[in-house]
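Throughout, a chain's letter reflects where its sequence line sits, starting with A, and its residues are numbered from 1.
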Protein chains: 2
Amino acid sequence: MTQPAPRERILQTAAALFSKHGYRAVGIDTIIRESGIAKMTLYKHFPSKDALIAAYLEQTNAGFWRWIDGITSAHDDPKTQLEAIFDGVAKLSSSPACLGCSFTHAAAEFPDFDHPGHAIALLHKQQVLERLTQLSRAAHAADPLGLAQDLMLAMDGAWSAARVFGGGNHGSRAGATARALIAAQTKATNSPAA
Amino acid sequence: MTQPAPRERILQTAAALFSKHGYRAVGIDTIIRESGIAKMTLYKHFPSKDALIAAYLEQTNAGFWRWIDGITSAHDDPKTQLEAIFDGVAKLSSSPACLGCSFTHAAAEFPDFDHPGHAIALLHKQQVLERLTQLSRAAHAADPLGLAQDLMLAMDGAWSAARVFGGGNHGSRAGATARALIAAQTKATNSPAA
DNA sequence: AAAAATATAGACAGGTCTGTCTAGTAGCGA
DNA sequence: TCGCTACTAGACAGACCTGTCTATATTTTT
């Protein structure tokens with residue numbers, strides 16, 4: 001087999017088009033054409049456009065966590081892990097290749113919470129918030145949930161900047177922003193030899 | 001005259017529908033029906049849907065600055081003004097009535113920078129960043145541009161949270177987040193009796 | 001090699017979209 | 001009362017949308 005299986009080619013094409021142009025702006029016919037897959041084949045693998053959108057978001061969610069795990073696994077200290085994550089956010093969000101957050105965009109285009117796109121987006125953000133809370137707790141933050149929420153604002157602000165400003169935006173500040181927020185909760189309260 | 005002029009009624013209806021459902025999801029026919037205005041009247045006032053979107057965003061931008069000016073005019077000290085702005089962001093973004101940022105959504109739905117919706121959104125965000133920079137400078141921040149960028153991330157993170165999570169989200173943290181960021185740049189460096 | 005599953009190409013239905021056209025109505029100043 | 005302007009109501013064109021159908025070809029499995 002010289003080419004990937006149809007399902008993978010569809011998802012790959014859908015990912016490129018959805019992340020770049022949005023969900024409503026991209027029609028099934030465009031995905032068909034760009035992927036070179038027959039329409040019936042697409043509808044066999046994904047019963048509807050919403051199902052394709054959901055599959056794309058699930059795939060993107062999995063990729064996000066692989067990215068996060070790749071970053072955190074390179075460090076031991078939770079505080080350093082948090083800083084490394086936001087250095088990664090800074091680098092990625094300010095790069096020209098970044099098109100913003102697919103989950104945020106899904107929530108924007110599908111405001112109905114029952115829509116699978118919004119539901120997956122909400123779940124994703126809840127999971128990110130939870131992970132940041134765990135890391136904040138492990139880093140002995142004075143208020144772990146509060147710090148996680150602070151950091152979450154910075155992260156989503158960076159993704160927003162990527163979409164609105166394009167490459168070279170102030171998302172590059174996310175690392176510094178996170179350091180200031182982390183320091184505010186760990187410097188004073190952390191007496192190593194207490 | 002018992003009713004507002006047609007142009008105002010169109011803009012009012014468009015504002016409600018665009019902010020709630022998005023731009024592509026709302027058709028001209030829906031705006032016609034909801035506003036009770038004839039289609040030809042709409043196209044007389046706004047030559048195209050894009051022009052209507054642009055007019056809506058301009059109106060929203062003006063309202064945003066009225067809101068900001070209302071907050072800042074109640075305080076004299078720039079640092080206090082910044083804190084008050086983010087208390088306002090916290091309150092608004094976490095309220096159930098908040099549907100997120102119309103400019104962010106415009107950039108999400110119209111990725112092309114030449115699209116009037118994206119262009120106005122970009123300009124708006126640049127203006128906000130500039131205003132935050134001015135206030136940071138006036139507040140004697142160690143790095144005014146850096147602080148403004150930090151705060152910008154927090155603000156856009158709050159709007160994002162509003163859309164994804166709905167009411168009662170972690171955007172309510174924006175005031176505390178901003179205070180931590182402002183303090184990190186003004187506490188140590190500010191010696192009143194130097 | 002036969003059979004079964006899978007993919008292709010494209011027509012098609014029914015709906016929605018933006019923007020235009022026509023014809024008629026209401027209000028208002030001269 | 002006349003004439004001008006603004007608004008209304010709805011048909012309409014042409015394009016695009018999702019999802020289905022048919023008929024054929026290709027691949028895989030038995």
Check your understanding: Between the side chain of B:T133 and the main-chain N/O of B:L129, is any donor-acceptor distance below 3.5 Å?
Key -> yes
Check your understanding: Taking the side chain of A:A38 as its heavy atoms from C-beta onward, which of D:dA9, C:dG19, C:dT8 lies nearest to it?
Key -> C:dT8
Check your understanding: C:dT6 C1' sits how many Å from A:I10 CD1, rounded?
Key -> 12 Å
**Study point:** Rounded interatomic separation in angstrom, taking CZ from B:R24 and P from C:dT16
**Key:** 19 Å
Point to revise | Gap between atoms CD1 and P, on A:I32 and D:dT20 respectively (whole Å) | key: 13 Å
**Study point:** d(CZ, B:R9; P, D:dA6) in whole Å
**Key:** 17 Å
Practice item. For B:T41 and for A:K49, locate the closest nucleotide of DNA chain D by heavy-atom distance; then report the residue assigned to the nucleotide nearer the 5' terminus. Key: B:T41
Check your understanding: Rounded to the nearest Å, what distance is computed from the CG atom of residue A:D50 to the C1' atom of nucleotide D:dG19?
Key -> 12 Å
Review point. In whole angstrom, what separates B:M40's CE from D:dG10's P?
Key: 16 Å
**Study point:** Rounded distance (Å) that lies between atom C1' of C:dT18 and atom CD1 of B:I28
**Key:** 7 Å
Check your understanding: Rounded to whole angstrom units, what separation is found between the CZ atom of A:R33 and the P atom of C:dG10?
Key -> 13 Å
Point to revise | Distance-only donor-acceptor test (3.5 Å): side chain B:K39, base C:dG19 | key: yes
Review point. Judged by atom type as modelled, is there a donor-acceptor pair below 3.5 Å linking the side chain of A:R173 to the main-chain atoms of B:Q149?
Key: no
Check your understanding: Under 3.5 Å, is there a donor-acceptor pair between the B:S102 and B:Y56 side chains?
Key -> yes
Check your understanding: When you match A:Y23 and B:K44 each to their closest nucleotide on DNA chain D, which lands nearer the 5' end?
Key -> B:K44
Practice item. Check for a donor-acceptor pair, side chain of B:R137 on one end and backbone N or O of B:P144 on the other, with a separation under 3.5 Å. Key: no
Review point. Where the side chain of B:H45 is concerned, which of D:dC7, C:dT18, D:dA9 is the nearest nucleotide?
Key: D:dC7
Practice item. Indicate whether the side chain of A:H118 and that of A:D112 have a donor and an acceptor atom separated by less than 3.5 Å. Key: no
Review point. Taking the side chain of B:Y43 as heavy atoms from C-beta outward, which of C:dT18, D:dT18, C:dG10 is closest to it?
Key: C:dT18
Practice item. Using a heavy-atom cut-off of under 4.0 Å over every strand shown, decide if B:P6 touches base, sugar-phosphate, or nothing. Key: sugar-phosphate
